[in-house]
Amino acid sequence: MPHVSVNGVELYYEVAGEGDPLVLVHGSWGDHHNWVPVMKDLTRDHRVLVYDRRGHSRSDCPPGQGSRREDEDDLADLMETLGFAPAFVAGNSFGASTALGLAGRHPELFRGILAHEPPLLGVVADDPGSGPLLAETGRRLASVVERLRAGEPLAGARQFVEEVAFGPGEWERMPDRVRETFRVNAPTFADEQGDPGWAELDLAGLSGYTGPALLTKGSESPPWFAGIVGRLSGALPQAATYTFEGAGHIPHVTHPTEYVRRVSTLVALGHRAP
């Protein structure tokens with residue numbers, strides 16, 4: 001199994017396909033398997049890199065409190081070490097936050113960004129219309145973390161799936177392998193939540209990324225994601241937005257054909273960019 005040493009950790013990765021370099025960054029709880037539904041189509045036209053973020057599945061899980069900044073540095077080192085810089089980067093959820101955070105610091109690593117529903121609650125904290133929703137979301141997240149730290153990974157994972165990200169009944173609809181991945185990676189979610197900056201983003205720094213960016217959300221997702229996408233769109237000079245109709249937090253899984261189309265749209269914008 002291929003591993004590479006970057007930024008002080010061993011990360012598991014896979015590379016497939018030929019063409020424009022494309023890096024896929026998974027969200028919390030999951031791993032590189034999250035991208036399986038779109039890999040066959042994406043590798044027809046792209047050289048695709050998938051990996052397990054630190055603390056997830058086959059990658060190292062260092063001791064001590066981690067930070068999203070470390071994930072950003074991992075992504076930068078991984079891209080440069082494996083010859084993927086600059087690349088098109090597609091991130092989902094916390095993976096989207098990671099990609100956007102890195103783009104604000106090192107825009108030269110990116111040819112384009114597709115970010116689906118980054119949970120950057122901090123960027124809309126000053127929006128009075130989002131206040132009640134954000135407060136309720138914060139309470140639910142805190143309850144999930146409390147269960148995880150009490151040694152109840154399955155109960156915490158189920159609560160996250162049904163009360164925060166996807167909706168009632170969705171846990172039972174997940175394949176056994178996916179539920180097991182949630183269980184294994186549950187401690188890393190608690191660690192991510194322990195990072196004081198996990199929900200924040202330097203919007204002024206992000207505005208320094210002038211390449212193409214596609215910010216997406218699902219029509220069935222929690223409504224506070226729309227506010228985040230709107231705020232990010234205002235910060236990025238070349239941002240476009242898109243809504244996956246009938247989809248939620250993981251359109252690459254539930255609507256893979258449409259997701260591949262959006263990646264193709266981003267790549268086309270990147271080729272037109274000066």
Side-chain angles (χ1 to χ4, degrees), residues 2-7 9 11-27 30-54 56 59 68-118 201 205-206 208-216 232 236-240 242 251-252 256 259-274:
H3 285 76
V4 62
S5 180
V6 298
N7 194 31
V9 294
L11 299 184
Y12 176 84
Y13 74 95
E14 295 180 4
V15 174
E18 298 291 338
D20 291 308
L22 172 65
V23 183
L24 306 178
V25 190
H26 68 81
D31 59 24
H32 71 282
H33 287 107
N34 292 111
W35 301 105
V36 167
V38 294
M39 282 295 287
K40 182 178 179 181
D41 286 335
L42 289 177
T43 54
R44 288 178 180 146
D45 299 308
H46 309 92
R47 181 172 175 248
V48 181
L49 167 63
V50 295
Y51 70 107
D52 293 346
R53 292 193 295 108
R54 63 168 58 208
H56 293 81
S59 289
R68 197 187 72 224
R69 177 77 170 236
E70 292 174 329
D71 278 285
E72 294 171 12
D73 290 342
D74 289 350
L75 176 58
D77 285 2
L78 188 68
M79 291 169 66
E80 292 180 322
T81 299
L82 298 179
F84 272 79
F88 295 97
V89 179
N92 183 74
S93 190
F94 196 92
S97 300
T98 299
L100 290 168
L102 180 60
R105 296 165 50 214
H106 292 289
E108 72 279 2
L109 296 177
F110 295 81
R111 295 175 64 181
I113 303 172
L114 193 162
H116 183 75
E117 295 186 347
L201 193 69
L206 184 63
Y209 170 71
T210 58
L214 181 58
L215 306 170
T216 66
L232 294 173
L236 285 160
Q238 290 198 61
Y242 182 80
H252 53 292
Y259 190 87
V260 171
R261 289 195 190 106
R262 293 312 108 204
V263 172
S264 297
T265 298
L266 176 71
V267 172
L269 291 172
H271 283 303
R272 289 201 294 268

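Keep in mind that what you see is a predicted model, and the values were worked out from it rather than measured.
When all heavy atoms of L100 and L206 are compared, the closest pair comes out as O-CD1, 3.5 Å. Nearest heavy-atom pair across G27 and S93 is CA-CB, 4.3 Å.
Side chain of Q238 to main chain of T210: a donor-acceptor pair is present (N/O by atom type, distance under 3.5 Å, no hydrogens or angles). In this structure a side-chain-to-backbone donor-acceptor pair under 3.5 Å is missing from H271 to L269. Not a single donor-acceptor pair under 3.5 Å links the side chain of D77 to the backbone N or O of D74.
Residues N92 and P251 have side chains in contact (heavy-atom distance under 4.5 Å, counting atoms from C-beta outward). Contact of the V6 side chain with the E80 side chain is not registered, since no non-hydrogen atoms from C-beta on lie closer than 4.5 Å. V25 has its side chain out of reach of F94: every pair of non-hydrogen atoms, C-beta onward, lies at least 4.5 Å apart. In this structure the side chain of V267 reaches within 4.5 angstrom of the side chain of H46, judged on heavy atoms. Here the side chains of L201 and R68 are in contact, with some heavy-atom distance below 4.5 Å.
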Q) Can L114 and Y259 be said to form a side chain to side chain contact (heavy atoms under 4.5 Å, CB included), step by step? A) CA-CA 10 Å; L114 193 162; Y259 190 87; 3.8 Å; yes
Q | side chain to side chain contact (heavy atoms under 4.5 Å, CB included) assessment of L78 paired with F84 | A | CA-CA 8 Å; L78 188 68; F84 272 79; over 6 Å; no
Q.
Could you go through T265 and R262, starting from their C-alpha distance and side-chain angles, then the distance that decides it, and tell me whether this counts as side-chain hydrogen bond (donor to acceptor under 3.5 Å, both in side chains)?
A. CA-CA 5 Å; T265 298; R262 293 312 108 204; 3.3 Å; yes
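Taking the side chain to side chain contact (heavy atoms under 4.5 Å, CB included) definition, one finds that H106 meets it with L102, E108, L109, sequence neighbours left out.
From L49, atom CG reaches atom CG of L24 across 7.5 Å, with rounding to the nearest 0.5 Å. Taken from NE2 in H56 to CG in L11, the straight-line distance is 11.5 Å, to the nearest 0.5 Å. Between the CG atom of L214 and the CG atom of L266 there is a distance of 6.0 Å, given to the nearest 0.5 Å. Separating the CD1 atom in I113 from the CG atom in L232 is a distance of 10.5 Å, to the nearest 0.5 Å. A distance of 11.5 Å separates CD in E18 from CG in D45, rounded to the nearest 0.5 Å.
E72 pairs in a salt bridge (Lys or Arg N to Asp or Glu O under 4.0 Å) with only one of the listed residues (R105, R53, R54), which is R105. Checking H32, H33, H3 one by one against D52, the side chain to side chain donor-acceptor pair (under 3.5 Å) holds for a single residue, H32.
H26 and Y51 have tilted rings, their planes meeting at an angle from 30° to 60° on a 0 to 90° scale.
Residue pairs satisfying the salt bridge (charged side-chain N to carboxylate O under 4.0 Å, His left out) criterion with at least one member in residues 81-96, sequence neighbours excluded, are absent. Here salt bridge (charged side-chain N to carboxylate O under 4.0 Å, His left out) pairs that include residues 86-96, with residues two or more places apart or in two chains, number zero.
When ring centroids are compared, H252 and W35 come within the 6.0 Å threshold.
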